[in-house]
Amino acid sequence: MIFSILLLALLAVVLFGSFAWKSAVRGYASGSSGKSVRHKREYLEEVTIEDNGSPNKVLVIDVSGVISSADMDRREKNMVESIAEQLQVAADDSNIRAVILKVNSPGGEVLASDEIYRSIQDFQADTGKPVIASMQTLAASGGYYVSAPCRWIVANELTITGSIGVIMHGFNYRGLMNKVGLKPMIFK
C-alpha cells in the first residue's frame, strides 16, 4: 500500500514537472507579445529566439555531419536540396539581412560540397546578402569547402579545419607486371 502511494506521488511529480517544463518552453517561444513565433514552410521551421521588435532577421543554416547528396530519410530532402531551399527562403524574404552557415562537418562527397559551394556563391551574387561561415568543432575537407565562398569565416582557435582535397585509393601493379613480363601497349 505504501509503495503504491509513493508510486502515485512520484507519477504526479513527473506529470507536474513535464507540464511546467512545456509551459515554460511555450512561454519562451511565444515572446513578450504572447503570439507564437514559429512558422512552418513544408519541413522548414522559423523560430524567433529573441523578439526585439526589429523586422530584420538572420537565417542560421546548420551544416552538421557528413556532407552528402543522399536523402536523409523518406520524408526529408537531402542536405544539398535543404540548404538550397533555405537559401531560396532567405532570397525571397526581404527581412532576412544575412545568413550564418553553422559548419560542423568532417567533409563528405565532393559533388555535394561543390553544389553547396555554388549555391552559396550564387545566393550572394544574386541577393547581395552576406553569408558568414561559423566553424564549430570541425570544419575539414568539404566542411571547409562549403565555407570558402562565404563573405566571412569565423572560427575558434581550437576549430579543426583545412584539407580541401581528395583521397583516392589505388594499386600500382608495375612491379608485378615487370616480374611477369607484361608491358603496356598502345595502339593508335
- Query: S105 side chain to G65 main-chain N or O, any donor-acceptor pair under 3.5 Å?
  - Reply: yes
- Quick one: CG on N104 to OG1 on T137, what's the gap to the nearest 0.5 Å? 4.5 Å
- Looking only at heavy atoms, what is the nearest atom pair of S113 and E109, with distance? OG-O, 2.9 Å
- Message: Give me the atom names and distance for the closest heavy-atom approach of R174 to N172.
- Response: N-OD1, 3.0 Å
- Do side-chain atoms of K129 reach the backbone of I96 as a donor and acceptor pair under 3.5 angstrom? yes
- Message: Quick check for you: to the nearest 0.5 Å, what is the distance between I116 atom CD1 and I67 atom CD1?
- Response: 5.0 Å
- Query: Just checking, is any N or O donor in the side chain of S54 or N52 under 3.5 Å from an acceptor N or O on the other one?
  - Reply: no
- Look up atom OG in S119 and atom CD in E85, then write down how far apart they are to the nearest 0.5 Å. 12.0 Å
- Task: Please answer whether the main-chain N or O of T161 pairs with a side-chain N or O of T159 as donor and acceptor at a distance below 3.5 Å.
- Result: no
- Message: Tell me which one of L10, L8, I2 satisfies side chain to side chain contact (heavy atoms under 4.5 Å, CB included) with L6.
- Response: I2
- Query: Which heavy-atom pair separates Y117 from Y145 by the least distance, and what is that distance?
  - Reply: CD1-O, 3.2 Å
- Item | I186 reachable from M177 in the ILVMFWY side-chain graph, under 4.5 Å edges | no
- Note on the structure: Excluding V58, membership of its hydrophobic cluster (Ile, Leu, Val, Met, Phe, Trp, Tyr; side-chain heavy atoms within less than 4.5 Å) reads V60, I100
- Shortest non-hydrogen separation from F123 to A91 and the atoms involved: CE1-N, 3.7 Å
- Query: With distance as the sole test, does S82 use its side chain to make a donor-acceptor pair with the main-chain N or O of N78 at under 3.5 Å?
  - Reply: no
- Would F171 and L182 show up in the same hydrophobic cluster when neighbours are defined by side-chain heavy atoms closer than 4.5 Å? yes
- Message: Rounded to the nearest 0.5 Å, what separates atom CD in E115 from atom CE in M79?
- Response: 12.5 Å
- Message: Less than 4.5 Å apart, side chain to side chain, heavy atoms only: is that true for M135 and I153?
- Response: yes
- Query: What residues form a salt bridge (Lys or Arg N to Asp or Glu O under 4.0 Å) with R118, not counting sequence neighbours?
  - Reply: D114
- Query: Between I132 and C150, is any pair of side-chain heavy atoms under 4.5 Å apart?
  - Reply: no
- Count the heavy atoms of every other residue, nucleotide or ligand shown that sit under 6.0 Å from NZ of K102, and state whether that count exceeds 12. no
- So, Q124 side chain and P149 main chain: donor-acceptor pair closer than 3.5 Å or not? yes
- Query: What is the distance from atom CG of L87 to atom CG of D126, rounded to the nearest 0.5 Å?
  - Reply: 10.5 Å
